[in-house]
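Just so it is clear, the structure is predicted and the values come from calculations on it, not from any experiment. Each chain gets a letter, A, B and so on, in the order the sequences are listed, and its residues count up from 1.
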There are 4 protein chains.
Amino acid sequence: MVETGGIAADALRSFIERVERLEEEKKALADDIKDIYAESKSVGFDVKIMRQIIRLRKMNEADRQEQESFLPILTPTLMPLA
Amino acid sequence: MVETGGIAADALRSFIERVERLEEEKKALADDIKDIYAESKSVGFDVKIMRQIIRLRKMNEADRQEQESFLPILTPTLMPLA
Amino acid sequence: MVETGGIAADALRSFIERVERLEEEKKALADDIKDIYAESKSVGFDVKIMRQIIRLRKMNEADRQEQESFLPILTPTLMPLA
Amino acid sequence: MVETGGIAADALRSFIERVERLEEEKKALADDIKDIYAESKSVGFDVKIMRQIIRLRKMNEADRQEQESFLPILTPTLMPLA
DNA sequence: CTGCCATTTTACCGGC
DNA sequence: GCCGGTAAAATGGCAG
């Protein structure tokens, strides 16, 4: 049987704790985002549509990056937002 | 017709940009996590098992917190139920 | 061009109808569950707490099954990690 | 303090077990549905699109039922399936 | 009507 | 490069 209390276990523990730490931060950000959506909604915006806009902008962004290899700067910095 | 270039549009734009900013940060963290897994793997750990460990620890953590929080009377008498 | 009214379309139709049938049954069960909660409430039980109990029991069940299934060596030595 | 081992607790236990039983059946159906999608996919259908079709048909169904109060039988029994 | 929770859908990641 | 499975996002539904 391997020595489970040895160097390898320490390294494993370290990796796992680093991951867990980062996942906590990630969750905090996710919560922040939820808060923003909640606030947006409370001010009368339609969250579902906001998500759609963001999705579209992300896609456009991806497109743009792919096209920049070919094209000069034609696309505006910010999509007009409806 | 409402003025679509007015205050509301500005607020919407602001909310959306805040969300997008946070999502970028979130993605950065996700990438960091991926890096850790990659490194772990390169040192011989089984990524799949690492994920399982983390999942288990998260579940245990959640259990504990929820158990402690309340249902202090009902839980012990009812839980076995077998 | 493929023959859209042919074998493939029949198979697709069949799959879809099977899914729809099962979803109807599923919905019926969901309704039954709703009825039970309604009855419970009418007899004085707190539905929210009932749901919590059920959730806890499901989590415990899941934990137990996953714990038993394996990681028999790693878990005890690593889990505390405190 | 209430008698936690008394009649009320029995009733609660009964309700909870009934719910749990039904939820098991519901889960079984959900698994069956997943199986069908898996099989569909293995035969070359696009699951994502199948879901869309089913969603549309459900919406049409809802529409139809709402309109039947006004209209005679004009809508066909089965939407053509693409 | 609002917030919460369950379910469902989508996206991702590692393995083959 | 696909596939299976797991985690995250999103939608829908229910209780208050």
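- The interatomic distance linking C:Asp31 (CG) with F:dG12 (P) rounds to 18 Å, in whole Å.
- Distance CD1 (C:Ile33) to P (F:dA15): 12 Å, rounded to an integer number of Å.
- The nearest whole Å value for the distance from the CD1 atom in C:Ile54 to the P atom in F:dA15 is 13 Å.
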Give me the distances for all protein-to-nucleotides 1-7 of chain F N/O pairs that come in under 3.5 Å?
| residue | atom | partner | partner atom | Å |
| --- | --- | --- | --- | --- |
| F:dA7 | OP1 | B:Arg55 | NE | 2.5 |
| F:dA7 | OP2 | B:Arg55 | NE | 3.3 |

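- Residues meeting the salt bridge (charged side-chain N to carboxylate O under 4.0 Å, His left out) test with A:Arg18, sequence neighbours left out: B:Glu39.
- A salt bridge (Lys or Arg N to Asp or Glu O under 4.0 Å) with D:Glu20 is found for one member of C:Arg55, C:Arg57, C:Lys58, C:Arg51 and no other, namely C:Arg57.
- Atom-to-atom distance recorded for B:Leu29:CG and A:Leu29:CG is 6.0 Å, nearest 0.5 angstrom.
- Rounded to an integer number of Å, the gap from A:Lys27 NZ to F:dA9 P is 11 Å.
- Among residues two or more places apart in sequence or in another chain, the side chain to side chain contact (heavy atoms under 4.5 Å, CB included) test is passed with A:Glu24 by none.
- In terms of the salt bridge (charged side-chain N to carboxylate O under 4.0 Å, His left out) criterion, residue partners of B:Asp31 (sequence neighbours excluded) are, by chain and number, B:Lys27.
- We find that B:Arg21 and B:Glu17 are not joined by a salt bridge, their nearest charged nitrogen and carboxylate oxygen being 4.0 Å or further apart.
- From the 5' end on, the contacts that DNA chain E makes with chain B at under 4.0 Å to a non-hydrogen atom open and close at E:dC13 to E:dG15.
- Partners of A:Glu23 according to the salt bridge (charged side-chain N to carboxylate O under 4.0 Å, His left out) rule, which considers only residues two or more places apart in sequence or in another chain, do not exist here.
- Under the 4.5 Å side-chain criterion, counting only non-hydrogen atoms from C-beta, C:Ile36 is in contact with C:Ser40.
- In this structure, C:Ile49 atom CD1 and F:dG16 atom C1' are separated by 14 Å, rounded to whole Å.
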